[in-house]
Each structure stands twice: as structure tokens, then as C-alpha cells.
Novice: 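My questions will all concern the structure given below.
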Amino acid sequence: QVQLVESGGGLVQAGASLRLSCAASGGTFISSYAMGWFRQAPGKEREFVAAISRSGGSTYYADSVKGRFTVSRDNAKNAVYLQMNSLKPDDTAVYYCAAGPSSYYSANRYPYWGQGTQVTVSA
């Protein structure tokens with residue numbers, strides 16, 4: 001199985017930027033998987049944020065973050081990143097990275113998940 005660990009979350013003011021990282025280990029390179037970012041706010045279901053294809057050639061974004069967030073990957077480093085700019089209070093959530101077989105949008109189709117990292121954006 002793929003082991004994923006997110007980092008880079010924190011408390012920032014609206015308009016600030018954060019860069020989340022997702023490091024993978026466990027004997028399987030993430031080059032075998034599409035990688036997704038999801039988030040879950042209190043009282044809300046986990047929602048899709050961004051995803052990237054196995055090679056990194058295609059990216060996908062939720063409408064709410066398009067133009068502000070950028071997902072990238074470095075398969076040689078076994079890592080995926082989420083650059084978040086112009087953060088808003090509505091972005092406050094626990095952010096998770098996930099690995100799966102090119103499912104992209106559906107959380108239920110990602111078998112491997114990290115533990116999450118908290119992002120809090122103050123008004």
C-alpha cells in the first residue's frame with residue numbers, strides 16, 4: 001500500500017498563500033497513481049479540490065479554487081504539491097492527499113489517503 005503524509009498547513013490571513021506537500025512511501029512510487037487533493041470542513045462532507053494525472057500532464061480543479069490553486073507533482077521525489085494563493089476563509093478545512101487509478105473527482109475511488117493537514121484562514 002501507498003503511505004501518504006501531508007504537511008504545510010497552518011493558520012494564515014485571508015489573501016495569504018500556503019504550499020501543501022504530500023510525501024509518499026511504502027514501496028510503491030506515486031508515478032503509478034493519479035493524485036488528488038480533497039478537503040473537509042467541520043459539518044461538511046469531503047470535497048474535491050484538485051487532481052493531477054499520473055504523468056502530470058493533466059490537472060483538474062474544483063470551480064471554487066480554479067485560478068487560485070495549482071497542483072503539481074514530482075514523481076522522482078515521490079511527492080505532490082498544492083500551491084494555494086489568495087486564500088479565503090471558505091478554504092478553511094482539513095486537506096487530504098489521495099492516490100488512485102485516474103479517478104480524479106470522486107473521493108470514493110481513491111484507495112489511499114494521508115492523515116490530513118489543517119488549513120485555517122482568518123478573515
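Just so we're clear, the structure is a prediction, and the values are computed from it rather than from any experiment.
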Novice: Of all the heavy-atom pairs spanning Ile30 and Ala24, show the shortest one and how long it is.
Specialist: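 Smallest heavy-atom distance, with atoms named: CG2-CB, 3.1 Å.
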Novice: Show which side-chain atoms of residues 40-47 pair as donor or acceptor with protein atoms under 3.5 Å away, not counting sequence neighbours.
Specialist:
from, atom 1, to, atom 2, distance (Å)
Gln40, NE2, Lys44, O, 3.2
Glu47, OE2, Arg39, NE, 2.8
Glu47, OE2, Arg39, NH2, 3.4

Novice: Determine the minimum heavy-atom distance between Ala93 and Gln118, stating which atoms define it.
Specialist: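 So the minimum-distance heavy-atom pair works out to O-NE2, 3.4 Å.
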Novice: Side chain to side chain donor-acceptor pair (under 3.5 Å) with Arg68: which residues, sequence neighbours excluded?
Specialist: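 Only Asp91 meet the side chain to side chain donor-acceptor pair (under 3.5 Å) criterion with Arg68.
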Novice: Just verifying a value: how many Å separate Ser64 OG and Asp90 CG, rounded to the nearest 0.5 Å?
Specialist: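 Between atom OG of Ser64 and atom CG of Asp90 there are 8.5 Å.
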Novice: Search all heavy atoms of Tyr61 against all heavy atoms of Val71 and return the closest pair with its distance.
Specialist: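 So the minimum-distance heavy-atom pair works out to OH-N, 2.9 Å.
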Novice: Got a donor-acceptor contact below 3.5 angstrom from the Thr92 side chain to the Thr120 backbone?
Specialist: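 No; zero donor-acceptor contacts below 3.5 Å.
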Novice: Rounded at 0.5 Å granularity, tell me how far OG1 in Thr70 sits from CG in Asn85.
Specialist: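 Rounded to the nearest 0.5 Å, the OG1-CG separation comes out at 6.5 Å.
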Novice: Got a second to check how far Ser122's OG is from Leu11's CG, nearest 0.5 Å?
Specialist: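 Those atoms lie 5.5 Å apart.
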Novice: Side chain of Thr117, backbone of Gly9: donor and acceptor closer than 3.5 Å?
Specialist: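 Pair found, side chain donor or acceptor close to backbone of Gly9.
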Novice: Heavy atoms, side chains only, cut-off 4.5 Å: are Ser55 and Arg73 in contact?
Specialist: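 Not in contact.
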Novice: Do Val5 and Val119 share a hydrophobic cluster (ILVMFWY, side-chain heavy atoms under 4.5 Å, transitive)?
Specialist: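 Val5 does not cluster with Val119.
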Novice: Group every Ile, Leu, Val, Met, Phe, Trp and Tyr by side-chain heavy-atom contacts under 4.5 Å, then state whether Tyr81 and Met84 land in the same group.
Specialist: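 Different hydrophobic clusters.
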Novice: Could you pull out the closest heavy-atom pair between Ala99 and Pro111, with the gap in Å?
Specialist: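 Distance-wise, the nearest heavy atoms are O-CD, 3.1 Å.
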Novice: Return each pair, listed once, that meets disulfide bond (SG atoms under 2.5 Å apart) where at least one residue sits in residues 49-112; pairs must be two or more places apart or across chains.
Specialist: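 Qualifying pairs: Cys22-Cys97.
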Novice: Give me the atom names and distance for the closest heavy-atom approach of Leu4 to Gln115.
Specialist: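 Result for this residue pair: O-OE1, 3.7 Å.
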Novice: Please, which pairs that meet disulfide bond (SG atoms under 2.5 Å apart) have at least one residue in residues 37-77, sequence neighbours excluded?
Specialist: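 Every candidate disulfide bond (SG atoms under 2.5 Å apart) pair involving residues 37-77 fails, so no pair, neighbours aside, qualifies.
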Novice: Are Trp37 and Phe69 grouped together when hydrophobic residues (ILVMFWY) are joined by side-chain heavy atoms under 4.5 angstrom apart?
Specialist: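 Same hydrophobic cluster.
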Novice: Sequence neighbours left out, what pairs pass disulfide bond (SG atoms under 2.5 Å apart) with at least one residue falling in residues 61-93?
Specialist: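 Listed by first then second residue: nothing to list.
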Novice: Can you establish whether the number of heavy atoms outside Arg109 located under 6.0 Å from its atom CZ is more than 12?
Specialist: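 For Arg109, atom CZ is not crowded (no more than 12 foreign heavy atoms under 6.0 Å).
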Novice: I need the Leu82 CG to Ser21 OG distance, nearest 0.5 Å.
Specialist: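 Spacing of CG (Leu82) from OG (Ser21) equals 9.5 Å.
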Novice: Where do Ser17 and Gln83 come nearest, in terms of heavy atoms and distance?
Specialist: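 Nearest pair, atom of Ser17 first, then Gln83: CB-NE2, 3.9 Å.
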Novice: Apply the hydrophobic cluster definition, ILVMFWY joined by side-chain contacts under 4.5 Å directly or through others, and give me every member besides Phe38.
Specialist: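 Joined to Phe38, directly or through intermediates: Phe48, Tyr60, Val94, Tyr96, Tyr104, Tyr105, Tyr110, Trp113.
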Novice: For residues Met35 and Ser72, determine if any side-chain heavy atom of one lies less than 4.5 Å from a side-chain heavy atom of the other.
Specialist: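 A side-chain contact under 4.5 Å is absent here.
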Novice: Does any non-hydrogen side-chain atom of Glu6 lie less than 4.5 Å from one of Tyr95?
Specialist: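 No; the side chains remain at least 4.5 Å from each other.
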